[in-house]
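Take a look at the structure below.
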Number of protein chains: 2
Amino acid sequence: MSIAPKTVREQVTNQIRDELVAGRFEAGTMLRETELANRFGVSRGPVRDAFIQLSYEGYLAYHANRGVTVRHPPNPENRKFITSLRQQIETHAVERGLAKATDDEIDNIEAALDRLKAACDSGDTTAIALQDIEFHETIMIGCGAEDLVSAWRQLCSRMLLTYSRLGDYHQAYREHVKIFDSVKARSIEATIEALKANIK
Amino acid sequence: MSIAPKTVREQVTNQIRDELVAGRFEAGTMLRETELANRFGVSRGPVRDAFIQLSYEGYLAYHANRGVTVRHPPNPENRKFITSLRQQIETHAVERGLAKATDDEIDNIEAALDRLKAACDSGDTTAIALQDIEFHETIMIGCGAEDLVSAWRQLCSRMLLTYSRLGDYHQAYREHVKIFDSVKARSIEATIEALKANIK
DNA sequence: CGCCTGTTAATTGTTAACATGGTAATGTGA
DNA sequence: TCACATTACCATGTTAACAATTAACAGGCG
């Protein structure tokens with residue numbers, strides 16, 4: 001269920017997010033509604049909506065009457081702390097909800113894993129970063145933790161601004177396979193173990 | 001620095017947020033752009049912007065082409081977990097940044113405390129809830145943790161949907177005085193202690 | 001009788017024009 | 001030459017009209 005973006009706003013939002021994660025804009029850069037609207041061939045409305053949304057996803061900073069700027073990635077110390085919070089949230093979700101996950105939801109997670117594999121095979125680091133996070137999100141939703149997803153996403157998003165596990169992303173993929181296998185086996189302990197090995 | 005809402009969007013956003021925290025809308029209720037736009041005497045644009053923003057603050061859930069609904073407050077088990085995360089974030093902010101807080105920032109925190117006092121004196125529980133959270137936010141910003149504020153806010157927001165420390169809000173106020181005194185004395189340990197006593 | 005399909009009313013999605021505000025360049029005075 | 005006020009430009013803020021989508025309902029078919 002790779003959400004097919006239907007509305008113009010979603011397409012614009014996704015496109016800008018992709019470019020942000022790809023590092024196309026330097027941190028601190030001011031983004032202009034008109035410029036992006038022209039580039040995408042749409043009006044300023046959806047671009048505006050996208051700016052508000054991406055601000056609250058953590059990628060952009062909003063300044064009234066002055067537009068948005070690209071946020072700086074978190075500093076190393078905060079990164080460590082954020083990673084710890086992320087582990088706690090995903091662990092909590094698995095502990096509380098893995099047992100209740102339906103087969104349908106397991107299928108969704110497997111589909112997310114497939115998309116991650118495709119991204120890894122293509123070598124497109126931006127796609128890998130986004131699919132990586134989406135895989136984890138699918139697990140959380142499968143565990144019935146939609147409640148925590150938005151806060152969790154806030155924490156992860158900006159980490160992506162310097163996503164660079166590029167070293168060996170096939171290793172990263174293998175870690176995710178391991179996570180999925182544990183999920184499929186409905187083993188809470190093994191899943192948490194695998195998650196901890198992956199989130200770092 | 002009680003942010004004076006300048007744009008229509010900010011006013012609309014604040015107004016809707018107030019009503020949400022006040023419990024004016026039942027959880028699951030669908031909010032209509034036109035209705036609110038008429039009530040506030042503005043066009044649908046700013047209301048739309050407010051919906052997107054409040055969705056990402058955690059109060060509303062967005063459904064493409066079908067508008068927004070009021071989110072349900074977190075269940076008791078998640079509440080406990082969220083409270084723990086909140087404590088960790090505020091503690092982390094204080095540990096890393098209290099020493100570097102400038103006198104100006106201490107003044108801002110004191111101003112926030114004054115506004116909380118005014119709210120308590122008035123007995124307006126909605127205002128108390130919002131000033132409570134704003135006081136904590138001001139501390140985090142004072143400690144240079146803007147980086148973590150948006151995720152932190154996501155966690156707190158929905159808790160407000162059932163803010164009910166109403167029992168004795170003068171006790172709550174005293175707790176905040178204690179926090180401020182520790183902050184002013186730049187005592188990291190005492191501040192963390194006071195925060196832990198307050199966040200529960 | 002139940003299900004499917006076409007229509008309709010209502011709501012959100014999008015657009016382009018207009019209003020407002022901020023920034024930076026320009027010119028004036030000391 | 002520098003400080004400061006003025007002004008012009010450009011970007012965002014807001015609006016209202018128009019387009020697209022949805023869900024509900026009515027009619028017809030199996």
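Contacts of B/R9 with the nucleic acid, taken as non-hydrogen atoms under 4.0 Å apart, involve only primed sugar atoms and P, OP1 or OP2. Counting non-hydrogen atoms under 4.0 angstrom, A/R48 reaches a base of the nucleic acid. Heavy atoms of A/G67 sit under 4.0 angstrom from primed sugar atoms or phosphate atoms, though from no base atom.
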Tabulate below the donor-acceptor pairs under 3.5 Å that side-chain atoms of residues 19-29 of chain A make, not counting sequence neighbours, or state none.
from  : atom 1 : to    : atom 2 : distance (Å)
A/E19 : OE1    : A/R39 : NH2    : 2.9
A/E19 : OE2    : A/Q15 : NE2    : 2.9
A/E19 : OE2    : A/R39 : NH1    : 3.2
A/T29 : OG1    : A/E26 : N      : 3.3
A/T29 : OG1    : A/E26 : O      : 2.5

**Verdict with reasoning, A/E105 to A/T102, per side-chain hydrogen bond (donor to acceptor under 3.5 Å, both in side chains)** = CA-CA 5 Å; A/E105 282 157 340; A/T102 68; 3.2 Å; yes

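Residues B/E146 and B/I141 share a closest heavy-atom pair of OE2-O, 4.0 Å. The two residues B/A194 and B/I179 make their nearest non-hydrogen contact at CB-CG1, 3.7 Å. The nearest pair of heavy atoms linking B/A101 to B/I106 is CB-CD1, 4.5 Å.
Residues passing the ring pair (Phe, Tyr, Trp, His ring centres under 6.0 Å) test with A/F135, sequence neighbours excluded: A/H176. Residues passing the side chain to side chain donor-acceptor pair (under 3.5 Å) test with B/E33, sequence neighbours excluded: B/R44, B/R48. Taking the ring pair (Phe, Tyr, Trp, His ring centres under 6.0 Å) definition, one finds that B/F51 meets it with nothing, sequence neighbours left out. Judged as a ring pair (Phe, Tyr, Trp, His ring centres under 6.0 Å), and not counting sequence neighbours, the contacts of B/F81 are A/H92. Applying the side chain to side chain donor-acceptor pair (under 3.5 Å) test to A/R17 and every residue at least two apart in sequence or in another chain returns A/N14, A/E57.
Within residues 29-41 of chain B, no residue has any heavy atom under 4.0 Å from DNA chain D. Taking a 4.0 Å limit (strictly below) on heavy-atom distances, residues 51-66 of chain B reaches DNA chain C at B/Y62, B/N65, B/R66.
A nucleotide of DNA chain D counts as in contact with chain A when one of its atoms lies under 4.0 Å from a heavy atom; the first and last such, 5' to 3', are D/dA11 to D/dT22.
One interatomic measurement links the two molecules: CZ of B/R44 to P of C/dG13, which rounds to 8 Å at whole-angstrom precision.
The overall bend of the helix from C/dC1-D/dG30 to C/dA30-D/dT1, read as the angle between its terminal helix axes built from five base pairs each, is 20° when rounded to 10 degrees.
Sequence neighbours left out, not one pair with a member in residues 103-126 of chain A passes ring pair (Phe, Tyr, Trp, His ring centres under 6.0 Å). Counting only residues at least two apart or on different chains, the side-chain hydrogen bond (donor to acceptor under 3.5 Å, both in side chains) pairs with a member in residues 178-193 of chain B are B/D103-B/R186.
A continuous path of hydrophobic side-chain contacts links B/V149 to A/Y62 [ILVMFWY only; heavy atoms under 4.5 Å].
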